[in-house]
Student: 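Pasting a structure below so you can have a look.
Counting begins at 1 with the first residue of the sequence.
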Amino acid sequence: MHRFPLSFLLLTLLALAPVPLMGASAVPDAERPVRLCVDPSWAPFEYVDNQGRHQGMSADYWQRMTERAGLRTEILLTQSWEESLEKAKRRECDVLTLAMKTPDRSQHWLFTEPYVSYPFVLATRSEAPSVSRMEEVADKTLAAVKGYAYTELVRERYPQIRFIEVENITEGLERVRRGEAYGVIDSLATVAYAIQQAQLHELKVAGRFADRWNLAIAVRNDRPEWLPFFDVMTQSLTAEDRREIENRWLAAWIESPPDLRWLWASLGVWVLSTLIAGFFIWRHRQSSKQTALLEQLNAALTEARDRAECSEARYAELANQSRSYAWDTDDKGFYMDVSDSVETVLGYRPEELIGRPFWDIMPAEEREHARDRGLAMIHEGTYLAGFENQVVDRNGRRLWVSTSGMPILNQSGQVIGFRGIDIDVDERRQQRDLLEYYAFYDGLTEIANRRLFLERLDAAIAHFARHGMTVAVLAFDLDHFKVVNDTYGHAAGDAMLCQFATLAQGCLRRGDLLARLGGEEFAALLFETVPEGAMQTAERIRACIAVEPRTFESHQIALTVSIGVTCIREHDSPESLLARADASLYVAKQTGRNRVVLHDSDQPAAAVA
């Protein structure tokens, strides 16, 4: 049996949904390509290159989503994000690929669930103090890109802040560099990327705020039937998709070792100049004519040294802010040098690590494997980019880092060590984990969703084929749920769904799986059970639910459930098992509801309870 990605199955079911459910144009690609408006200059999130091509993280996400959905699209080129928003309001384009929901935009657009999220930051000149709250710069002049959602939100919360509107982030950073604005607000990824690309090393990230860019697909609100389609598209993105795309677009500025050639060159000049100065000091005793020249030289050396120290401090500050540390090892994997910023990330001082092997800071159970793998890479001269692994800090806490590096070669081309950088990505990994949770669990009831249920059902069928493990499927439908929603409101309906999930879960064994498939439709997967046992479990749930009226949002409502039951047979598929359970459920509803019906043969299902 061939297995297809769940995202493909969901998109196919959505495309084939009956007209009364989704409307005649539920699939946007029915007549013509979908027209896209994008931000032409918001790298690395998205931009338009010199050939008019959509580039950046959103372009890669969009390509993967549309390929899976079979959706045709075309870009409507604009000169600025503000122009894109204006064209969107005039319906000249159908979709914004990356937009943040605001009250003003909600008048024209419907938004999917966010699929990209990054924190807001404030970039300032290096000499400016760090900030932790927006109130600390409420009396300053800040730059922000025209039309960006955060500008609208900040203006509403802090009307006293003076804004300079700019066309793009690079213009905003330039204004900060020239002193025309105190700082510029944007996402962490965009600010860091722009600073690196424009080599604006006199700027820094001075503050990181709790608010985030929660970016979604925006769909024109006169096409509400399209929204579920695009929501499913975003749900088709996997953790691997996100890891690959983030590594491609963000590794350029957070995972590459800093280029310190300028520093070594400066130090070389300083050493040479010091020798020259010593020579002139010696000659000074012989010729008073050289006194003026010596003073000029000493002044130049002092200025050069101050500049070098300032630049070194700036790079150290950037390393601390990005929570990264650089290191060198010898060809046996022992640290020869570690940057001072390691103390910010791991709590170790450099001298506490120098002379120790790199695998000493790995989790105990992984050290042997990490040692063998790392030494093999060193000896083979392998380059490493964005490899995520766990290390242990000075307090014994595990955290995830992203490691990049390259071999150190001598003049003969032989490998004599390895040079790399570790970036703290622990917070982001905890967020991939949160995203992964919401990909498999229902946000309202917090039980499994359709995706997880189908995966477990598919695995159970395979296990039955190999080992004969019996399973049963129960299909539930809350009786008259639509009437409850229409009469008492959606809040009461949501409370009813949550109460049912809690009660049904309490009637199942530890290893069984309860899932919400959608709306008031639930299903359960019972392992190692026979028809009699499945019927007993179903009847126990039915009786527990119907025992008495319950209170939902201050309303006393009688809650009952209809249940269809079936057990696995040879040559079953997830579709055939669910179809039999649904057929049993249909009989239960047609014969009076609040009952259990078993479908355990090739004959039509019949009510048995």
Student: Hey, mind stepping through S41 and E167 against side-chain hydrogen bond (donor to acceptor under 3.5 Å, both in side chains) and telling me if it holds?
Tutor: CA-CA 9 Å; S41 56; E167 291 298 328; over 6 Å; no
Student: Do the side-chain N and O atoms of E83 and T78 include a donor-acceptor pair separated by under 3.5 angstrom?
Tutor: no
Student: Between T234 and M65, is there a side-chain heavy-atom distance shorter than 4.5 Å?
Tutor: yes
Student: Report yes if the side chains of I164 and L142 come closer than 4.5 Å at any heavy-atom pair, otherwise no.
Tutor: no
Student: Can you name the closest pair of heavy atoms from S58 and L98 and give their distance?
Tutor: CB-CD2, 3.7 Å
Student: Under the side chain to side chain contact (heavy atoms under 4.5 Å, CB included) rule, collect the residues that match up with D94, sequence neighbours excluded.
Tutor: R32, V34, R35, R220, W226
Student: Can you measure from OG1 (T124) to OH (Y182) and round to the nearest 0.5 angstrom?
Tutor: 5.5 Å
Student: Start with the C-alpha distance between T329 and I378, add both sets of side-chain angles, then the distance that settles side-chain contact (heavy atoms from CB on, under 4.5 Å), and finish with yes or no.
Tutor: CA-CA 9 Å; T329 71; I378 293 175; 3.9 Å; yes
Student: Taking it one step at a time, do R178 and E174 satisfy salt bridge (charged side-chain N to carboxylate O under 4.0 Å, His left out)?
Tutor: CA-CA 6 Å; R178 296 196 300 264; E174 271 297 324; 3.5 Å; yes
Student: Looking only at non-hydrogen atoms, find the nearest pair between I161 and V137 and report the distance.
Tutor: CG1-O, 4.2 Å
Student: Working note: R162 + K140, criterion side-chain contact (heavy atoms from CB on, under 4.5 Å); need CA distance, chi angles, decisive distance, verdict.
Tutor: CA-CA 7 Å; R162 299 184 298 277; K140 306 295 185 183; 5.7 Å; no
Student: Mind jotting down which residue pairs meet the salt bridge (Lys or Arg N to Asp or Glu O under 4.0 Å) criterion with at least one end in residues 115-125? Sequence neighbours excluded, please.
Tutor: R125-E127
Student: Determine whether the aromatic ring centres of residues Y335 and F358 are separated by less than 6.0 angstrom.
Tutor: no
Student: Can a donor-acceptor pair be found, under 3.5 Å and without considering hydrogens, that links the side chain of N389 to the backbone of F387?
Tutor: yes
Student: How long is the straight-line distance from CE of M336 back to CG of D330, given to the nearest 0.5 Å?
Tutor: 5.5 Å
Student: For E92, which residues count as a side chain to side chain contact (heavy atoms under 4.5 Å, CB included) partner, sequence neighbours excluded?
Tutor: L76, K87, R90
Student: Supply the atom-to-atom distance L237 CG to I245 CD1, rounded to the nearest 0.5 angstrom.
Tutor: 7.0 Å
Student: Does some side-chain heavy atom of D442 sit less than 4.5 Å from a side-chain heavy atom of R450?
Tutor: no
Student: Could I get the full list of side chain to side chain contact (heavy atoms under 4.5 Å, CB included) partners for R53, not counting sequence neighbours?
Tutor: D49, Q51, Q55
Student: Just to verify, what does H369 make a side chain to side chain donor-acceptor pair (under 3.5 Å) with, not counting sequence neighbours?
Tutor: R373
Student: For a 4.5 angstrom cut-off between non-hydrogen side-chain atoms, does N449 reach Y441?
Tutor: no
Student: Would a 4.5 Å heavy-atom cut-off, applied to side chains only, mark R451 and L454 as touching?
Tutor: no
Student: Which heavy atom in S84 sits nearest to a heavy atom in C37, and how many Å separate them?
Tutor: O-SG, 4.0 Å
Student: Looking at residues at least two apart in the chain, or sitting in another chain, which of them share a salt bridge (Lys or Arg N to Asp or Glu O under 4.0 Å) with E74?
Tutor: none
Student: Compare all side-chain heavy atoms of F418 with those of I408 and state whether any distance is below 4.5 angstrom.
Tutor: no
Student: Could you tell me if the side chain of Y325 sits less than 4.5 Å from the side chain of E343, heavy atoms only?
Tutor: no
Student: Can you list the residues that meet the ring-ring contact (aromatic ring centres under 6.0 Å, His included) rule with W42, with sequence neighbours excluded?
Tutor: F45, Y148, W213
Student: Out of curiosity, I217 CD1 to L96 CG, how far, rounded to the nearest 0.5 Å?
Tutor: 10.0 Å
Student: Working to the nearest 0.5 angstrom, can you tell me the gap between L85 CG and S80 OG?
Tutor: 8.5 Å
Student: When you compare the side chain of L203 with that of L173, does any pair of heavy atoms fall below 4.5 Å?
Tutor: yes
Student: For W327, give me all partners under side chain to side chain donor-acceptor pair (under 3.5 Å), at least two apart in sequence or on another chain.
Tutor: D422
Student: Under 4.0 Å between a side-chain nitrogen and a carboxylate oxygen: does that hold for R175 and E171?
Tutor: yes
Student: For N221, give me all partners under side chain to side chain contact (heavy atoms under 4.5 Å, CB included), at least two apart in sequence or on another chain.
Tutor: R91, L110
Student: side-chain contact (heavy atoms from CB on, under 4.5 Å) between R72 and T66: does it pass, once the steps are laid out?
Tutor: CA-CA 7 Å; R72 295 184 299 128; T66 53; over 6 Å; no
Student: Verify side-chain contact (heavy atoms from CB on, under 4.5 Å) between F111 and V219, making sure each step is shown before the conclusion.
Tutor: CA-CA 6 Å; F111 293 81; V219 183; over 6 Å; no
Student: Could I get the full list of salt bridge (Lys or Arg N to Asp or Glu O under 4.0 Å) partners for E113, not counting sequence neighbours?
Tutor: none
Student: Does atom NZ of K146 have more than 12 heavy-atom neighbours from other groups under 6.0 Å away?
Tutor: yes
Student: Is a salt bridge present between E240 and R243, judged by a nitrogen-to-oxygen distance below 4.0 Å?
Tutor: yes
Student: What distance do S324 atom OG and D424 atom CG have between them, rounded to the nearest 0.5 Å?
Tutor: 9.5 Å
Student: Using the salt bridge (Lys or Arg N to Asp or Glu O under 4.0 Å) criterion, which residues pair with D372? Sequence neighbours excluded.
Tutor: none
Student: Salt-bridge test for D241 and R68: reply yes if a basic N is under 4.0 Å from a carboxylate O, no otherwise.
Tutor: yes
Student: Provide the closest heavy-atom pair for V145 versus I169 in the form atom of the first, atom of the second, distance.
Tutor: CG2-N, 3.7 Å
Student: Looking only at non-hydrogen atoms, find the nearest pair between M100 and R105 and report the distance.
Tutor: O-NH1, 2.9 Å
Student: For K204 and A128, indicate whether the former's side chain and the latter's backbone hold a donor-acceptor pair under 3.5 Å.
Tutor: yes
Student: Among residues at least two apart in sequence or on other chains, which ones pass salt bridge (Lys or Arg N to Asp or Glu O under 4.0 Å) with E380?
Tutor: none
Student: How close do L36 and C93 get, counting heavy atoms only, and between which atoms?
Tutor: C-CB, 4.2 Å
